[in-house]
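We use all heavy atoms of the structure for the numbers below, so side chains are in, but hydrogens, waters and symmetry mates are not. The model shown is predicted, which means the values in this text are computed figures rather than measured ones.
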Amino acid sequence: MGALSRAIMLSVACTLGVASAKADDVADFYKGKQITMILSAGAGGGYSQYGFAFAPFFAQHIPGKPNIVVQNMPGAGGIRASIHLFTNAPKDGTVIGLVHSSVPFAPVYGIEAAKFDPRQFNWIGSINATTAICVAWAASGVSKWQDLFDKNYIVGGTGAGSQMETMPAMINKLFGTKIKIISGYTGGSDVFLAMERGEVTGRCGGLVSSIQSTRPDWFPQKKVTVPIQVSMQRNAMFPDTPAIIEFAKDERTKQILQLLLSPLEMDRPLLAPPGVPAERVAALRQAFHETMNDPAFLAEAKKQKLETQEVSGERLAQLMRDVFQLPPEVIKAANEAMNMTGAPVEKD
């Protein structure tokens with residue numbers, strides 16, 4: 001064996017040794033510990049269902065097999081939890097977050113309450129990517145796109161930064177629809193209850209997965225209609241309902257929509273606070289990947305009617321970097337479309 005070959009083998013052995021030592025360090029750290037998974041939504045909604053379904057399987061794939069407890073921290077459309085994770089949560093890997101997919105974009109739009117930089121979070125991965133929809137209680141008579149111009153379509157919302165408010169505001173701004181927004185609900189589940197009670201007509205910016213997981217009878221029993229899909233393409237579940245991109249009349253509108261709909265690529269995103277040691281972040285990302293491909297978790301998700309589509313932490317981090325590099329005029333137009341600046345923040 002030549003000197004070069006021996007040097008290469010020694011280098012590989014050293015690298016493997018370091019990697020093994022780091023893996024052992026991570027396992028030693030997490031062994032016997034507890035991880036808190038903070039949800040930015042209230043109890044009983046889709047985020048809770050995803051969190052409680054995912055957590056026990058995720059724990060089994062993290063080195064050291066720590067216990068994971070789920071903690072709800074609703075408020076300000078999800079901003080409250082993100083601020084806590086950015087500022088106050090321990091930065092050692094014992095606290096992670098499952099946050100609203102729209103909230104990481106709030107700082108891009110200049111939301112004053114969003115005092116965090118999403119580029120500094122350690123993104124672990126997203127449990128799903130999805131299509132947003134506007135739904136209406138079938139008895140209301142709102143069932144198609146034109147109805148959003150002609151009929152009384154009142155939707156519930158949870159505060160600035162929430163898709164339930166930014167999306168209908170954006171649709172009104174870009175297309176001239178007349179959607180009315182009632183703010184102040186704690187979470188998406190409360191908006192669904194309000195629909196059932198007749199307090200509001202519907203929810204705009206809701207997710208297919210959220211309805212399927214918390215109201216599995218709504219679609220099969222046709223309790224709700226879908227007048228528009230807030231997406232870049234039609235979801236196969238609703239082949240006759242147009243995607244909103246189909247109504248974009250120029251390239252500028254299309255670019256704005258592409259920015260505004262970016263959160264849909266990261267439905268149910270998991271993150272760790274800034275400052276978590278790199279080897280623990282790597283371990284959490286690997287555990288996330290293994291969980292998303294774990295037959296037992298996938299079976300449980302199917303049983304609970306939870307949609308899953310793995311999006312890597314690396315992809316989420318890149319998405320955050322890309323958004324902050326967009327031309328200011330595009331961000332300004334998107335901001336105006338959603339009327340986010342100065343929007344009221346839900347009080348706890």
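- With hydrogens and angles ignored, the 3.5 Å screen pairs no side-chain donor or acceptor of Gln233 with any backbone N or O of Ala243.
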Problem - Criterion side chain to side chain contact (heavy atoms under 4.5 Å, CB included) on Gln286 and His61, from CA distance to verdict - result: CA-CA 8 Å; Gln286 180 61 29; His61 289 285; over 6 Å; no
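- Two residues are said to be in side-chain contact when any heavy atoms from C-beta on lie closer than 4.5 Å; Pro227 and Ser143 fail this criterion.
- Looking at heavy atoms from C-beta onward, Lys249 lies out of side-chain contact with Thr253 at the 4.5 angstrom threshold.
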Handout entry: Working for side chain to side chain contact (heavy atoms under 4.5 Å, CB included), residues Val155 and Tyr153
Key = CA-CA 7 Å; Val155 300; Tyr153 184 45; 3.5 Å; yes
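- At a cut-off of 3.5 Å, with distance as the only test, a side-chain donor of Asn72 or Ser48 sits close to an acceptor on the other residue.
- The existence of a salt bridge linking Asp250 and Arg252 is excluded, since no basic side-chain nitrogen approaches an acidic carboxylate oxygen closer than 4.0 Å.
- Ring orientation note: the planes of Phe121 and Phe116 are tilted relative to one another, at an angle of 30° to 60°.
- Across every non-hydrogen atom of Thr214 and Gly45, the tightest pair is CG2-C, 3.7 Å.
- Proximity of a side-chain donor or acceptor of Asn122 to a complementary backbone N or O of Pro273 within less than 3.5 Å is detected.
- Cluster membership for Met237 and Val135, using ILVMFWY side-chain heavy atoms within less than 4.5 angstrom, is shared.
- In summary, of the residues considered (Ile331, Leu260, Leu319, Ile111), a side-chain contact (heavy atoms from CB on, under 4.5 Å) with Phe105 occurs for Leu319 alone.
- A pairwise comparison of heavy atoms in Ala81 and Ile38 identifies CB-CG2, 4.1 Å as the closest pair.
- The shortest distance between side-chain heavy atoms of Leu98 and Arg268 falls below 4.5 Å.
- Glu336 contributes atom CD, which lies 10.5 Å from atom CG of Leu174 (distance to the nearest 0.5 angstrom).
- Considering every non-hydrogen atom in both Gln212 and Lys305, the closest pair reads O-CB, 3.7 Å.
- Distance check: Cys204 SG to Met170 CE gives 8.0 Å after rounding to the nearest 0.5 Å.
- No continuous path of ILVMFWY side-chain contacts below 4.5 Å connects Met73 to Val69, so the two sit in separate hydrophobic clusters.
- Taking hydrophobic clusters as Ile, Leu, Val, Met, Phe, Trp and Tyr residues chained together by side-chain heavy-atom distances below 4.5 Å, Ile244 shares a cluster with Val330.
- With hydrogens and angles disregarded, a donor-acceptor distance shorter than 3.5 Å links the side chain of Thr225 to the backbone of Val142.
- Rounding to the nearest 0.5 Å gives a distance of 3.5 Å between CE of Met164 and OG1 of Thr158.
- Leu316 is not connected to Val281 by any chain of hydrophobic side-chain contacts under 4.5 Å among Ile, Leu, Val, Met, Phe, Trp and Tyr, and they are in different clusters.
- Cluster membership check: Ile96 does not share its hydrophobic cluster with Val276, using side-chain heavy-atom separations under 4.5 Å among Ile, Leu, Val, Met, Phe, Trp and Tyr.
- Crowding of Lys254 atom NZ: a count of heavy atoms from other residues, nucleotides or ligands under 6.0 Å not exceeding 12.
- One finds the OG1 atom of Thr201 at 4.5 Å from the CD1 atom of Ile154 (value rounded to the nearest 0.5 Å).
- To the nearest 0.5 Å, the span separating CG on Asp240 from NZ on Lys144 amounts to 14.0 Å.
- Contact of the Val323 side chain with the Leu259 side chain is registered, since non-hydrogen atoms from C-beta on lie closer than 4.5 Å.
- Panel note: side chain Gln229, backbone Thr131; no donor-acceptor pair is recorded below 3.5 Å.
- Here Lys31 does not pair with Asp28 in a salt bridge; the nearest charged N to carboxylate O distance is not below 4.0 Å.
- One N or O on the side chain of Asp294 and one on the backbone of Ala296 form a donor-acceptor pair closer than 3.5 Å.
- For the pair Asn67/Gln34, a side-chain contact is recorded, criterion being any heavy-atom separation below 4.5 Å from C-beta on.
- The nearest pair of heavy atoms linking Ile256 to Ala333 is CD1-CB, 3.5 Å.
- Remark: the backbone N or O of Ile127 is not paired with any side-chain donor or acceptor of Thr308 at under 3.5 angstrom.
- To the nearest 0.5 Å, atom OG of residue Ser82 and atom CG of residue Leu271 are 6.5 Å apart.
- Under the 3.5 Å distance criterion, the side-chain polar atoms of Lys178 are left unmatched by any main-chain donor or acceptor of Asn172.
- Within the 4.5 Å cutoff, side-chain heavy atoms of Arg234 are placed close to those of Glu246.
- Residues Ile62 and Phe288 have side chains not in contact (no heavy-atom distance under 4.5 Å, counting atoms from C-beta outward).
- Within a 6.0 Å radius of CD in Gln318, other residues, nucleotides and ligands contribute more than 12 heavy atoms.
- Side-chain contact between Glu196 and Arg215 is present, with at least one heavy-atom pair separated by less than 4.5 Å.
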Exercise for the section: Walk me through it: do Cys134 and Val230 pass the test side chain to side chain contact (heavy atoms under 4.5 Å, CB included)? Expected result: CA-CA 7 Å; Cys134 291; Val230 192; 3.9 Å; yes
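- The main-chain N or O of Phe219 is never found under 3.5 Å from a side-chain atom of Lys223 such that the two would form a donor-acceptor pair.
- Closest non-hydrogen pair, Ile83 versus Ala113, comes out as CD1-O, 3.0 Å.
- Side-chain atoms of Glu165 come within 3.5 Å of backbone N or O of Gly159 as a donor-acceptor pair.
- The backbone N or O of Pro118 sits less than 3.5 Å from a side-chain atom of Trp123, completing a donor-acceptor pair.
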Exercise for the section: For Ile171 and Trp145, run side chain to side chain contact (heavy atoms under 4.5 Å, CB included): C-alpha distance rounded to whole Å, both residues' side-chain angles, the deciding distance at 0.1 Å, then the answer. Expected result: CA-CA 11 Å; Ile171 296 171; Trp145 172 246; 3.9 Å; yes
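- For Tyr50 and Phe54, the ring centers sit 6.0 Å or farther from each other.
- Across Arg203 and Met195, no two heavy atoms sit closer than the pair N-SD, 3.9 Å.
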